[in-house]
Each structure stands twice: as structure tokens, then as C-alpha cells.
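Residue numbers begin at 1 in each chain, while the letters A, B, ... track the order of the sequences. None of these values were measured; they are calculated from a predicted model.
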Amino acid sequence: MRNIYYLKAVSEALFNEMEINPDVVVIGEDVRYSLRGITKGFIDIFGPDRVIDTPISEAGLTGVGTGAALSGLRPVLEFQICEFIFFAFDQLVDQAQKLRYMSGGKLKAPVTYLIASSGARGGMAGQHSDNPYPYLLHSGMKTVMPSTPYDAKGLLVSAIRDDDPVAVFLPVNSLGTKGDVPEEQYTIPLGKGEIKKEGKDITVVSTGHLVKIALETAEELESSGISVEVYDPRTLLPLDRELLFKSVKKTGRVIVFDDSNRTCGFAAEVSAIISEECFTYLKSPVRRITRADVPIPFNAQMESFVLPDKEKLIKVILKNF
Amino acid sequence: MRNIYYLKAVSEALFNEMEINPDVVVIGEDVRYSLRGITKGFIDIFGPDRVIDTPISEAGLTGVGTGAALSGLRPVLEFQICEFIFFAFDQLVDQAQKLRYMSGGKLKAPVTYLIASSGARGGMAGQHSDNPYPYLLHSGMKTVMPSTPYDAKGLLVSAIRDDDPVAVFLPVNSLGTKGDVPEEQYTIPLGKGEIKKEGKDITVVSTGHLVKIALETAEELESSGISVEVYDPRTLLPLDRELLFKSVKKTGRVIVFDDSNRTCGFAAEVSAIISEECFTYLKSPVRRITRADVPIPFNAQMESFVLPDKEKLIKVILKNF
Amino acid sequence: MTEKITKNLALELYRKMVLCRKFEEKVAELVNKNEIYGTTHEYVGEEAVAVGVCSALRNNDLITSTHRGHGHIISKGGDIRYMFAELLGRVNGCNKGKGGSMHIADPGIGILGANGIVGAGVPIAVGAALTIKIKKMDNVVISFFGDGASNQGVVHEAMNMASIWNLPVIFVCENNQYAVSTSVKYSLKIENISERSKAYGFEGKTIDGMDVLEVYNNTKEIVNKVRSENKPFLLECKTYRYSGHFTAEKILNLNYRTEDEINYYKSKCPILSFSTKILNDGICTKKELDDIDNLVINQIDEAVDFARKSKSPEPSDALKDMYATEYTGIPQKGWI
Amino acid sequence: MTEKITKNLALELYRKMVLCRKFEEKVAELVNKNEIYGTTHEYVGEEAVAVGVCSALRNNDLITSTHRGHGHIISKGGDIRYMFAELLGRVNGCNKGKGGSMHIADPGIGILGANGIVGAGVPIAVGAALTIKIKKMDNVVISFFGDGASNQGVVHEAMNMASIWNLPVIFVCENNQYAVSTSVKYSLKIENISERSKAYGFEGKTIDGMDVLEVYNNTKEIVNKVRSENKPFLLECKTYRYSGHFTAEKILNLNYRTEDEINYYKSKCPILSFSTKILNDGICTKKELDDIDNLVINQIDEAVDFARKSKSPEPSDALKDMYATEYTGIPQKGWI
Ligand SMILES: Cc1ncc(C[n+]2csc(CCOP(=O)(O)OP(=O)(O)O)c2C)c(N)n1
Ligand SMILES: Cc1ncc(C[n+]2csc(CCOP(=O)(O)OP(=O)(O)O)c2C)c(N)n1
Ligand SMILES: [Mg+2]
Ligand SMILES: [Mg+2]
């Protein structure tokens with residue numbers, strides 16, 4: 001297997017789907033010249049009918065994606081920045097996500113939102129550093145956040161082939177990481193988490209680029225005699241509860257390590273369902289390590305201060321024993 | 001004290017603030033003729049400069065509210081339907097809510113979003129029945145949801161006088177309820193919850209129109225020997241944690257009874273913080289009763305099926321003993 | 001009404017308009033009796049637009065509709081039995097009772113959905129037109145929207161994209177001069193909304209939306225143009241709604257329109273003026289029109305009857321139809 | 001450049017343009033050295049627009065700026081010491097190090113904030129103009145936005161509201177012909193974005209945005225008009241950016257513009273052409289211009305020095321400044 005960049009794995013997944021299926025088109029801002037690098041060179045292969053640049057009209061282009069999906073295409077919308085979601089919010093949560101249900105199952109909107117880089121990228125401050133997936137989770141939208149190049153390729157393929165809107169968040173801090181990825185197209189089903197490292201004493205539920213940090217932390221703590229299990233849900237909705245509960249029942253201790261806002265965030269949901277389903281197994285309270293509930297500040301030290309990181313994780317793990 | 005309608009209490013609070021403070025203006029769709037009834041007759045008193053109808057341009061008018069607030073007015077924006085929030089989402093969570101922070105405290109946006117009727121109103125189906133406050137909570141926006149006419153008047157005044165954006169959700173099912181409300185203007189501070197009924201055995205955290213149902217349920221269960229304490233946070237953010245924790249530590253059992261979507265909803269947040277702060281006091285898991293994660297269906301029986309109600313509350317309470 | 005029309009066409013336009021009108025009258029009646037849950041936005045007075053436009057379309061042409069959509073659905077060929085069943089929340093309603101008045105969808109006859117959110121259907125229509133272009137099909141898309149919707153940002157965005165991509169979509173603005181209580185005289189500083197097409201570099205036209213033939217003929221011409229030139233078009237139809245914004249508006253006493261104004265437009269009733277015209281022109285007889293009226297009334301009674309006899313869904317059906325590709329665990333119920 | 005100008009004005013326009021240019025060159029240098037965190041969007045090539053517009057304003061006139069905002073801030077009177085301090089993330093930066101390049105705000109000199117979100121500042125400007133109208137003040141608001149932003153829905157909504165409410169706001173479209181890699185030839189089917197004002201019933205005009213005097217004179221005239229007639233105006237300035245979309249674009253090798261095109265516009269450099277003109281017209285001497293250049297360079301060096309010596313905020317300051325009316329418990333930290 002090749003060792004390739006996360007970004008490359010994403011690009012490959014999309015490229016292959018476009019090769020296999022003429023209904024797959026990519027729509028977004030600056031996708032022809034590929035500002036984000038995912039669709040680099042696609043225009044030469046697939047032409048302007050399938051690699052479609054849009055004006056800066058996020059609500060509109062999201063609606064266009066829905067309409068295209070309803071009528072027979074399988075569009076992949078590249079969201080150049082994650083705050084894109086906010087302008088498109090009605091079209092996402094009140095249209096694409098609801099149309100099938102409201103139509104009694106008559107309509108079908110197989111559209112993929114490829115959030116080309118999500119999270120704080122260092123110095124981009126308050127409006128280019130969000131990790132806005134909890135907003136979509138709350139609406140019931142299927143949401144994926146792959147933590148490795150392997151997962152990214154397999155999950156994106158599943159997302160594109162899924163017959164519903166699926167949001168795929170690519171953590172900006174993962175794009176430049178490398179990993180083994182098969183050449184051929186393969187799928188990882190939505191809703192299947194993975195134990196990225198087995199452990200006995202505590203479960204760290206970690207998402208996106210934090211999975212790597214959780215793994216590093218687990219390794220570091222091995223020497224202190226703490227055996228950390230790292231659970232990566234991979235798909236945030238549907239969530240692989242079975243695997244999660246199995247882990248929690250084994251370890252009896254949980255930390256949710258997630259880089260979205262705290263209030264009503266993903267960690268809150270995970271905490272709530274663990275309480276509901278694993279209450280008697282818990283040896284200590286489910287703890288959350290999340291972003292602080294502020295926009296990301298510009299200054300580097302302040303930025304670090306509000307983001308989840310290894311130091312905070314270690315501190316909170318140690319507190320649990 | 002007079003016994004007046006919730007809607008009237010809201011109207012009165014706004015009217016009085018406009019009388020006292022010339023900077024308070026109301027902006028929204030159909031506020032002159034007052035489709036929603038809050039601003040009925042205001043145009044005759046305050047004129048078109050302070051009772052401002054907008055075209056159907058939710059994102060734009062929300063931005064207008066922000067700009068007006070930044071430059072010296074204290075606008076109250078009436079959101080005719082709660083799904084309004086979705087079109088205005090960028091202007092709410094990425095602009096108004098963030099500008100102060102990003103400016104290092106230099107800007108100030110004292111704007112109130114008056115969500116004139118939130119929740120399922122019976123037969124309005126998927127796009128007119130949401131209770132979208134968790135979306136705003138996740139952004140850190142101050143959010144209020146009064147459950148009685150008295151609370152509505154006092155909290156709206158506080159919201160208008162607050163120097164930050166504050167969202168005030170009026171539950172559609174409360175607008176027609178009545179209660180005692182003083183004639184004169186008064187305030188209820190944000191961030192102060194209330195124990196609407198004392199009890200010993202279980203705490204029901206209830207919001208908006210569900211408070212009334214929780215109270216009825218508490219009364220009904222009295223005879224079965226279960227003493228229910230009803231906690232109404234009134235302000236969803238900032239949340240009155242002290243009062244909540246005090247109640248939970250007393251009863252050791254909690255149900256969160258909230259009419260927003262389940263995943264990453266308000267109930268998830270309350271459950272997570274109770275786990276964090278009251279873990280050792282809990283005799284049974286924190287349970288959530290929320291909406292199902294679907295758009296509200298049109299048919300009346302299906303609609304009831306997905307909404308939180310008394311029957312569900314009783315069932316879940318009994319399960320906890 | 002310059003061109004000659006065939007008797008068949010005349011009777012068909014007449015029939016559809018009467019069907020729209022009587023349908024809405026029955027709906028209002030059922031809403032007022034609480035037999036229909038919630039409220040609806042009636043199309044009464046505006047029939048010439050939907051009927052004129054949709055009669056000029058092929059079956060495989062597509063439309064997106066609005067909150068005031070019954071007329072569009074009927075004109076595009078919707079079966080009123082399933083429409084009534086939907087409005088009564090029955091399992092064999094077009095949307096299995098899940099959508100109600102504002103969400104009737106039927107892709108089989110080209111209806112990509114109505115919409116409870118003002119303006120939101122317009123970019124969806126443009127997306128469908130994109131499919132047509134990419135798949136090299138030759139149908140067109142119609143997007144209905146109101147004068148109020150014209151000030152919605154997505155409408156601007158959608159029109160611009162349709163223009164730069166040369167898409168076969170016709171934006172039909174139903175300018176009934178009010179958005180709830182807000183007059184176009186307040187919300188717009190231009191006379192004709194169709195002028196806005198110039199801002200995107202395509203053509204627009206304003207016509208009398210109370211005249212079904214004018215609407216029909218213009219649509220025919222525009223559809224041909226759009227099909228052959230692959231360019232969008234903005235067709236504004238000036239019209240008027242006779243009822244309140246929604247069924248229950250009356251009790252609110254908003255009084256934003258004068259009785260005089262309402263009466264003036266009632267005197268231009270699209271159905272009456274058209275029937276007068278075709279009678280005067282000798283295209284058909286009074287009897288033929290009366291027969292149609294009776295037919296329509298019967299059809300509606302039967303449809304309501306059909307709907308009433310239809311089964312209600314199981315309450316727990318509420319958790320179905322959310323996802324096309326299903327997974328265990330979603331959608332979550334609200335309690336455990 | 002038809003009108004005569006005073007020497008003072010000429011030197012001032014020149015000085016400001018040079019200040020903008022040198023500022024950006026220094027910023028790019030510091031970004032490339034990682035002394036400035038993140039990336040910035042440089043204004044190089046477009047100086048005539050900000051300088052021409054803002055020089056025609058009063059101190060209490062208001063502006064909203066964009067992601068490419070340094071030029072606006074400087075031209076409106078921003079103090080470059082605090083700007084550099086902000087860009088270095090220092091506590092005495094305009095925004096205490098919280099905002100960085102895209103969020104510089106300074107209400108004291110009428111700057112209601114830049115914006116990282118394309119188009120989002122435009123309705124905010126309209127809101128400020130609403131305040132002016134309601135409070136019966138006589139200042140105006142300028143909203144800068146790009147050609148790309150012109151296709152954003154909120155811009156449409158904002159322009160319409162400004163028009164129907166007769167607000168004193170000037171929409172200044174900086175048409176540098178690209179939105180990142182997307183040419184206006186692709187994203188628009190009209191020649192001049194200023195034509196869009198007609199869709200809302202107010203006036204618009206397209207001018208040469210490389211000519212500071214043309215920008216200045218037009219703005220003067222338009223500001224007077226807007227002030228006295230209480231009507232918005234759309235002023236489109238055709239311009240060009242010399243650098244990539246942001247500092248680091250070069251390494252991406254996007255190649256969406258030809259070298260020829262870039263060179264053509266460089267030959268029309270707003271600074272060079274203006275200095276040539278005022279020298280030729282005998283309005284000032286080469287020495288006077290050289291002195292300004294030196295002054296500016298010194299000023300920048302001092303400002304950078306000032307910024308470097310400024311204190312960094314405490315990391316935990318990150319939890320401050322979120323709310324103007326504070327309550328315990330918010331904002332929540334991310335851990336306990
Ligand atoms: C985005 C949005 N804003 C507001 C509403 C509430 N609303 C429903 S219909 C309507 C008026 C629409 O006016 P117009 O587009 O002219 O259509 P008409 O009702 O006249 O047919 C309004 C404001 C809504 N449904 N969606
Ligand atoms: C709503 C939104 N969409 C996309 C982006 C990413 N983005 C930043 S600047 C830009 C191009 C803006 O073009 P234009 O308005 O012409 O301004 P210019 O950069 O040319 O000055 C884009 C697409 C953004 N910041 N905000
Ligand atoms: Mg209308
Ligand atoms: Mg540009």
C-alpha cells in the first residue's frame with residue numbers, strides 16, 4: 001500500500017467516483033483551479049460540465065446542489081471554508097435535510113458536502129476556524145469526520161454513494177498527514193466507529209485530528225501505567241453506539257475529546273447518551289474536553305488556550321484516577 | 001395585579017422600552033400591521049422610523065440590526081417565523097455574536113431577536129414548527145425562553161437592556177396562556193432560573209411551554225407519592241447552574257424535558273453538565289425527553305408522536321423509581 | 001388575448017382554472033371546519049398564472065412551487081384525490097400525510113416540491129436545470145415565486161447562476177402585490193420586478209397575470225426560446241389574491257388592503273373574464289362551461305370523499321421516511 | 001482627472017497610497033517570515049480606491065471593510081502602529097490581538113469592522129445608515145465589497161433595503177476582476193456591476209479605480225448627493241490586485257491570470273500614474289514625493305518596532321471580551 005497524504009486520499013476518492021459514475025459532479029468555489037487542492041487537474045479530465053465553479057453564493061449553490069440531486073445527479077459540493085455552512089444554513093438544515101421526510105419519502109437528495117477544511121488552521125481567527133458540525137448534527141444530517149487518509153478515502157466514497165445528504169468534514173490539521181491507502185476504490189460504511197487503540201482503564205472518544213493526539217497521549221501514558229483506549233467514531237451521525245458502549249462498559253471511565261464548541265456540542269451528546277446507557281458502569285463522571293465557547297482568537301497563545309490539546313487531555317485523564 | 005395574556009405581556013414590555021428609550025426600534029416583517037400581534041398599534045404611536053417593516057430578506061435585515069446596534073440604536077428584531085434563523089444564520093452566529101470578541105471588545109451590538117413564535121403550532125409541518133435555540137446556544141448566544149407571562153415581560157426587558165445580542169424565544173404554545181403581570185416595567189435578570197415547584201424525589205428540568213406540563217404532571221404524581229421538583233432555567237444561556245445543581249443534589253434524579261431536537265440539543269448539554277458536576281449525587285441516569293430527530297410531520301397523530309408530552313414525562317418519571 | 005385558440009385549449013384552460021378555484025374554496029371550508037389541520041395559503045384570484053404557465057409545459061418539464069402552491073400542483077397535473085388525502089393527513093396523501101399543504105411533491109409529474117420557506121425553492125429549480133443541461137435533456141424548469149420572495153438573497157444568487165451557466169429555467173414571479181401585509185409599493189422601488197433580469201444579463205417581461213391566455217401564449221413562446229437558446233427568463237405575472245394571506249387572516253383584522261382595491265381586482269376575475277371572452281368569441285357555449293363546472297364540483301366531492309375514507313398513518317410512522325439510506329439508531333426518538 | 005487639485009490634496013493622496021502600498025509590502029514580508037501568524041489578503045494595486053474614497057469622507061462618516069481591508073483602514077485614518085500590533089497579536093493591537101488582519105475595527109474613527117465573510121459587511125453598513133437616518137445625523141456610510149461579493153445574496157437584500165428606506169449609504173464595489181481564481185467574465189453576464197443598482201431603483205456608476213483623482217472626485221460628488229438626497233449609490237471602481245489572493249497563493253501555482261494581464265495593470269499602477277501626473281502638471285516636485293516616500297518608510301519601521309515591543313496578551317485573556325454585559329459561567333471554558 002502507498003503512504004499518501006490525507007488530501008490526496010480525498011482527491012482520489014472523489015476522482016474515482018467521478019470516473020465510475022457520470023452523475024457525480026463537483027460544484028464549488030474555485031474548484032476548477034482547485035484552491036483547496038482536492039480537484040486539482042479534474043477540469044482537464046472531466047470538463048466544465050462536471051467541475052463547476054460557482055460565484056460566491058453559498059446559499060444559492062447549496063440549493064443548486066439540492067435541485068441537481070433531486071433530479072438525477074449526485075453532486076459533491078466543495079465548501080471552501082467551513083463558515084460557508086452559515087450562509088447556506090437554510091438550504092442545508094431546512095431544505096436538503098428535510099425534503100425527503102416532508103415529501104413522505106418521494107424525494108431523494110444524494111448530495112455530499114465536502115467541507116474542505118474545518119477547524120483552526122493557525123492565525124485565521126474568528127471566522128475561518130470553526131468546526132461547525134454540531135449545527136448539522138442537531139438537524140439530523142449524516143456527518144462524517146475521518147481522522148486518517150485511509151478513513152477519508154473509504155468514508156468519502158460511502159458518503160457520495162449514500163442516497164441522503166452527507167456532510168464530510170475534513171479537519172484542516174489532518175490534510176497534511178500521511179497514511180497507508182489502497183490504490184483501488186473501497187468503502188468504509190457510515191456508522192462504524194473504530195477502536196484505534198485498545199486499552200483497559202479509560203476510553204477517550206476522540207474526533208478528527210484529535211484522534212492522532214489521543215493516540216500519542218495513550219502511548220505517553222502507557223509508562224505511567226494508565227491504559228487508554230482510543231475510540232474514533234469516524235461517523236458522528238449515525239454514531240456507532242454499540243462499539244462506544246462496549247468500550248465504556250469495559251473501562252468505566254470516559255473522556256470526550258472534541259474540537260467543537262462546548263455548549264450543545266458533540267461532546268455533550270456523547271456524554272448524555274453514555275449517561276443514559278452505561279450509567280451503572282461509570283466509575284467517574286464523563287468528562288468533556290472541547291473548545292471554549294468563544295470565537296477562535298488570532299493571537300497564537302490565546303488560540304492554543306481555547307483549543308483542546310494533549311496537555312489538557314493528560315491533565316483530565318490523570319484527574320480521573 | 002392583572003391577569004393578562006403572554007402575548008400581551010411581551011407587547012407591553014416592548015412598548016414600554018420604546019417609550020422610555022428612543023434608541024429602541026422594532027424591525028421585522030409585517031410589524032406595522034402586526035401579523036404576530038406584538039406590535040399592534042405601535043406604528044400609530046412610534047411612527048415608521050421606529051416600527052420598521054422589512055422586505056423578506058432575513059439575512060439582510062439581521063445584518064441591518066447588527067449595523068444599527070453597532071452605531072447607536074438598540075434594535076429589537078421580530079422574527080416572524082423561527083426558521084427565519086436559518087436564512088439569517090451567518091449574520092447571527094458568525095457576525096452579531098462574534099463581532100465584539102473579534103474586535104477585542106471595541107464593538108458592541110445590543111440587539112434583541114424576538115422569535116415571535118417558536119415550536120410546533122399544530123399542523124404547520126416541517127418548516128414552521130422548529131424550536132431552533134440549540135443552534136444559537138452552540139454559538140454562545142445569550143438565549144431566553146420565558147414560560148409565563150410574568151417571566152416574559154421581565155426577561156424581555158432585560159434582553160433589550162443587555163448590551164449583547166440576546167435571542168428571546170416565545171413558545172407558540174405559551175402565547176395564549178394567561179398569568180399575573182404587574183403594570184409597571186420590571187426586570188428579571190438573565191441567568192436566573194426558578195424552582196417553579198419544590199419537590200423531593202426528582203428534578204424535572206423543563207423549558208418553555210413544557211414547564212406548564214411539568215407542573216401539571218407534578219401535581220398528578222403527588223397522589224402516587226412522587227414529589228417532583230420543577231426547575232425552569234428561563235434563560236438557556238447563561239444557565240443558572242447553581243440552582244440546578246442544588247436541586248439535583250437534593251433529589252438525586254433528573255429528567256430534562258425539552259422540546260428541541262435531541263442530538264446536540266439543550267437536554268444533551270444539561271445532561272452533560274449534571275454528569276460533570278453532580279455525578280456522585282445521582283441515583284439514576286439523567287434522562288432526556290425531547291423531540292424526535294425528524295422534521296415535524298403534518299398529520300396530528302404523527303406530530304404528537306414526535307413531541308414531548310405529559311404521557312411521556314410520566315412514563316419516564318415512573319421508570320426512575 | 002390576441003391569438004386565436006382552439007376550443008379544446010379554451011375549455012382545458014377554463015376547466016383547470018375552475019378546478020383550482022373550487023379546490024381552494026373547498027380547502028378553506030375544511031380548514032375552517034378544522035377538518036384540515038393547521039392553515040393553508042389559498043391561490044384564489046391567481047389561477048390564470050399557474051394554469052397559463054403549466055398548460056404550456058410538457059409532462060416532463062419540472063416545477064418548484066411555493067407556500068401558495070395548490071394551483072401550481074393542480075395545473076401541473078396533480079391528482080386532487082391524493083392532494084386532499086394529504087391535506088387530511090392520510091397515509092395515501094401525496095406525502096403520506098407528512099408534508100401537508102406546503103410540501104406537496106410529486107417527481108413523477110415533475111413537481112420537485114412546494115416550499116414553506118419564501119424563496120428557497122428558486123435555487124433548487126436552478127439545480128434541476130443544471131441536471132437538464134449536464135444530462136443534455138430538453139425539458140425546462142419553472143420556478144414559481146412571489147413578489148415578496150424577489151427580495152430574498154437566494155433568488156438573486158440563483159438567477160445569476162442560471163444566467164452564467166445558460167440554464168433552461170424560467171423564473172415566474174407571481175406578483176400579487178403583497179407579501180402578507182407588505183405592499184410592493186413599500187418593498188420595491190421599481191415598477192416591474194422583471195427588470196431585475198437585466199442585473200444578471202438575461203431577458204425579462206411583465207405581463208397581465210389575470211389573463212390566462214396572455215400567460216399561456218407568453219409561456220409557450222418563452223419555453224421555446226429557453227429550450228432552444230438555453231438561457232433563463234424572468235416572467236413576471238401581475239396578479240392579485242382575493243383571500244387573506246392564509247385561511248385565518250380575517251380574524252386578525254390587518255386591513256392592509258382597501259375593500260375598493262379588492263373589489264377592483266375581483267372585477268377582473270381571471271375565470272369570469274376568460275369565460276366571457278370565449279363565450280363572446282363563440283368558441284364554446286354556456287352549457288359546455290356549466291358542464292365543466294358541474295364536473296369539477298363532482299370531482300372535488302369525490303376527491304374529498306376518497307380522502308376521508310383513506311387510512312390515517314400509524315403515529316409511529318413519524319419515524320419513517322427520514323433517510324433514503326437507512327442506518328440503525330437514526331433518527332433518534334426523543335425518549336428512551 | 002479633469003479637475004484641478006490643490007497641492008495639499010495631491011500630496012495627501014499620494015502619501016496615503018504610498019502608505020497603503022508600503023504597509024502591505026511590509027505585511028507580506030512579515031507573513032512570509034512567520035512573524036505575522038496566518039495569512040493576509042494584500043491590497044497592493046488597489047490603493048486608489050480606498051484612498052480616493054476615504055479621502056473624500058469626514059472623520060465621522062462610517063465604513064465597513066472586507067477581508068482585504070488594510071487599505072480601507074489606513075485610508076480612513078487607522079493608526080498603523082496599532083494595526084501592526086494587531087497583526088503581531090499584541091495586547092495593544094486595535095483588537096487586543098483577538099482579531100488579526102480580517103477584523104480590524106475602530107469605531108472611534110468610523111470603522112465598524114472588517115469582515116472575513118464575503119458580503120457580510122454590506123447589510124451591516126445599511127444598518128448603520130439606518131441609525132443615521134433615524135437619529136437625523138448627517139454622515140454617510142461606505143460599504144466596501146468585491147466583485148465576488150456582488151453575487152452574495154445579502155448584498156442584494158441590503159441594497160434593496162437601503163433603497164426603499166432612502167438611506168445614506170454608498171456601496172463601493174472594488175471590482176478587481178477576480179474572486180480568488182474566478183474571473184468576473186465567468187461569474188457575471190453583465191459588463192458593469194454598477195448596473196445592478198437599477199434593480200433596486202437607485203443610481204450607479206462605474207469608474208476607473210486605478211485613478212485616485214477620479215475616485216476622489218466622484219466620491220465627493222456622490223457623498224454630497226447621498227447626504228442631501230438621502231439615497232444610496234452604487235459606485236463601481238474597476239481595479240486590479242497585483243498580488244495573489246492571499247500572501248501564500250504563489251506556492252499553490254493556480255495560474256488563473258496571465259503574466260501579460262498582470263503586467264498590463266502594473267503598467268497602470270495607481271501610484272506611479274498619479275505621481276507622474278502631478279509632477280507633469282507641476283503640482284509638486286520630485287523631492288517632495290521622495291520626502292513622502294522616506295517619511296512613510298520611517299513611519300512603517302517605527303510602527304513595526306512599536307508593535308514588536310508591545311506586550312503579548314495573557315493566553316487566558318482569550319476568555320475575555322466576549323460579552324459586553326457579563327454573567328458568571330459564560331463563556332464556558334472547554335474543560336474543567
Ligand atoms: C424565509 C421566510 N420568511 C418569512 C416567511 C413567512 N411568510 C410566509 S409567506 C410570506 C409572504 C410571501 O410573499 P410572496 O413571496 O409575495 O408570496 P405570496 O404569499 O404573496 O404568494 C411570508 C413573509 C417564510 N415562510 N419564509
Ligand atoms: C461567504 C464566504 N465565501 C467564501 C469565502 C472565501 N473567500 C475569501 S475572499 C474570496 C474572494 C472574494 O472576492 P471579492 O469579493 O472579489 O474580493 P477580493 O478578494 O477580490 O478583494 C473568497 C471566495 C469567504 N471568506 N466567505
Ligand atoms: Mg405576494
Ligand atoms: Mg475581487
Interface residue of largest heavy-atom contact number with chain A, from [options], under 4.5 Å:
options	answer
B:Asp293, B:Leu282, B:Leu237, B:Ile296	B:Leu282
B:Cys264, B:Ser275, B:Gly140, B:Ser271	B:Cys264
B:Ala59, B:Pro134, B:Pro132, B:Gly104	B:Pro134

Notebook entry, point to check: Which residue, A:Arg287, A:Arg262, A:Lys319, forms the salt bridge (charged side-chain N to carboxylate O under 4.0 Å, His left out) with B:Glu276?
Noted result: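 For B:Glu276, the salt bridge (charged side-chain N to carboxylate O under 4.0 Å, His left out) test succeeds with only one of A:Arg287, A:Arg262, A:Lys319, which is A:Arg262.
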
Side chain from CB out, backbone as N, CA, C, O: work out which of these in [X] comes under 4.5 Å of a heavy atom of chain B, or both, or neither.
X	result
A:Ile85	neither
A:Phe279	side chain
A:Ser139	both
A:Leu92	neither

Note to self: What's the separation between atom CG in A:Asp94 and atom CZ in B:Phe86, rounded to the nearest 0.5 Å?
What the structure shows: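 Reported to 0.5 Å precision, the distance equals 5.0 Å.
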
Item checked: Nearest-0.5 Å distance that lies between atom CG in A:Leu236 and atom OG1 in B:Thr263 ->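 Output value for this atom pair is 11.0 Å.
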
Item checked: Leading residue by heavy atom contact count with chain B [cutoff under 4.5 Å; candidates A:Ile274, A:Val256, A:Asp130] ->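 Of the options given, most contacts go to A:Asp130.
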
Item checked: N/O donor-acceptor pair under 3.5 Å between A:Lys98 side chain and B:Gly126 backbone ->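 A pair under 3.5 Å: yes.
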
Check: Quick check: does any side chain N or O of B:Glu269 sit under 3.5 Å from a backbone N or O of A:Gly265, one acting as donor and the other as acceptor?
Finding: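 A pair under 3.5 Å: no.
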
Look at atom [atom1] of [X] and say whether more than 12 heavy atoms of other residues, nucleotides or ligands are closer to it than 6.0 Å.
X	atom1	answer
B:Lys250	NZ	yes
B:Lys192	NZ	no
B:Lys315	NZ	no

Next item on the list: Work out which heavy atom in B:Tyr135 is nearest to a heavy atom in A:Val93; give both atom names and the distance.
Entry: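 Here B:Tyr135 and A:Val93 meet closest at OH-CB, 4.1 Å.
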
